[in-house]
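Structure record follows, encoded as structure tokens.
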Amino acid sequence: MSQPLSEQTIALVKATVPALEAHGLGIVHEMYSRMFQNPDIRDLFNQSHHGDAGSQPRALTAAILAYASNIENLGALAPAVERIAQKHVGLQILPEHYPHVAEALVGAIKAVLGESATDEILAAWGEAYWFLANILIAREDRIYTDQKDTTGGWNGWRDFRVEEVIRESSVINSFILRPVDGGPVMRHKPGQYLTFWFEIAGHPPVKRNYSISAAANGETYRISVKREPHGLASGWLHDEVKEGTLLKVAAPAGEFFLGDHADRPIVLLSGGVGLTPMVAMLEALVERGVDIPVQYIHGTHDRDTHAMRGHTRALAEKGKAIQVIDFHQTPLKDEVKGLDYEEAGIITDEWLAASTPVQHAEYYICGPRPFLRHAVSTLSLAGVPSDRIHYEFFGPADELLAA
């Protein structure tokens with residue numbers, strides 16, 4: 001367990017907030033430059049999120065600033081810490097990796113801030129780093145232990161064979177995965193993801209997270225992947241991965257998953273390929289036989305990009321109180337309202353506030369960042385408490401040390 005931070009350390013770290021506001025991005029770029037000199041550390045990270053135009057440096061800069069600003073009130077960062085720990089477990093980050101980050105962070109602060117980074121300030125940041133690191137290491141150890149001890153669970157990378165490839169839409173393919181060793185697989189919580197290690201010719205190892213798009217069955221997993229423009233991993237999956245392809249997979253992880261809400265309506269809200277965890281949740285709700293009202297609201301461009309529409313409609317027919325509502329932003333000329341979609345255009349603030357039980361429901365949201373931000377803002381302004389808004393987004397986490 002981490003020892004409490006000293007008052008001196010708290011004061012010194014908070015004193016660096018103005019410098020972080022001015023030079024934080026430079027510190028983060030310098031930190032990554034130092035870490036990535038070690039190939040073993042570099043390969044832990046999703047390189048598409050890094051570089052001068054990458055989103056991860058900006059996210060980490062904001063996270064370091066948030067940590068410094070809340071150094072005396074770390075309880076406010078508890079949800080972020082859980083998200084980071086889950087992400088680290090997916091990426092197979094281990095205790096021996098943490099000293100490399102510590103050395104790079106302190107060295108970057110010294111390099112960028114120069115003489116203003118006194119020995120006292122560097123020591124304070126070293127203490128603050130290891131305080132958080134020890135919390136993460138302890139939490140990650142518990143997650144690794146739970147994975148190993150669960151039926152069908154494992155640590156490290158396990159070989160899976162692609163059993164089937166399914167064309168879901170013009171941009172989304174599903175992949176059914178079965179373990180090569182023939183054993184059972186850990187029953188994931190609907191909404192969690194798998195982390196993959198891809199060997200793509202001409203590139204360093206590629207790590208990606210993909211939500212599991214089916215409820216747990218103890219035998220296989222399904223992921224559903226959108227081909228992204230210029231996407232290295234998604235392009236490889238769509239173009240090269242066939243039935244029989246072997247993939248390295250880490251055990252299910254993630255803090256975004258369907259809870260047990262016996263007394264509240266549930267609203268599942270997704271945009272684009274954000275439907276993947278929602279389909280897993282919808283399948284699980286049908287299997288549970290829940291009789292609480294469930295709405296699944298999905299937005300996409302048109303019929304061609306709409307994946308799994310037939311599947312979600314079939315699930316709604318099996319369920320006791322499930323309603324599926326699909327929005328097509330720009331329906332094709334031959335699309336028929338009521339047959340291909342329910343609503344034309346985007347999911348508006350007014351529609352969401354008026355057509356969902358905002359005073360009572362639990363909301364689960366997944367989609368691209370603009371969609372997510374808009375939905376969360378709309379629901380918050382409509383009076384939905386933050387603890388009833390659960391969400392998952394794509395890209396790097398906006399928290400400290402997210403890889």
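- Between E30 and R34 a salt bridge is recorded (basic side-chain N to carboxylate O distance below 4.0 Å).
- Side-chain contact, S224 with T276: no donor N or O sits under 3.5 Å from an acceptor N or O.
- For the residue pair H298 and S270, a side-chain donor N or O sits within less than 3.5 Å of a side-chain acceptor on the partner.
- In this structure, the side chains of H306 and D340 stay at 4.5 Å or more apart for every pair of heavy atoms.
- The existence of a salt bridge linking E335 and R303 is excluded, since no basic side-chain nitrogen approaches an acidic carboxylate oxygen closer than 4.0 Å.
- Salt bridge R222/E283: present, at least one basic N to carboxylate O contact under 4.0 Å.
- The local environment of NZ in K189 is sparse, with at most 12 non-hydrogen atoms from other residues, nucleotides or ligands closer than 6.0 Å.
- A side-chain donor-acceptor contact under 3.5 Å links S174 and E168.
- The aromatic rings of F175 and H238 stand perpendicular to each other, their planes meeting at an angle above 60°, with 30° marking the opposite boundary.
- Between the side chains of T9 and E127, at least one donor-acceptor pair of N or O atoms lies under 3.5 Å.
- Side-chain contact annotation: D349 with T378, donor-acceptor N/O pair under 3.5 Å present.
- The pair K14-E7 does not count as a salt bridge, with every side-chain nitrogen at least 4.0 angstrom from each carboxylate oxygen.
- Using a 4.0 Å cut-off between a side-chain N of Lys or Arg and a carboxylate O of Asp or Glu, K318 and E287 do not qualify as a salt bridge.
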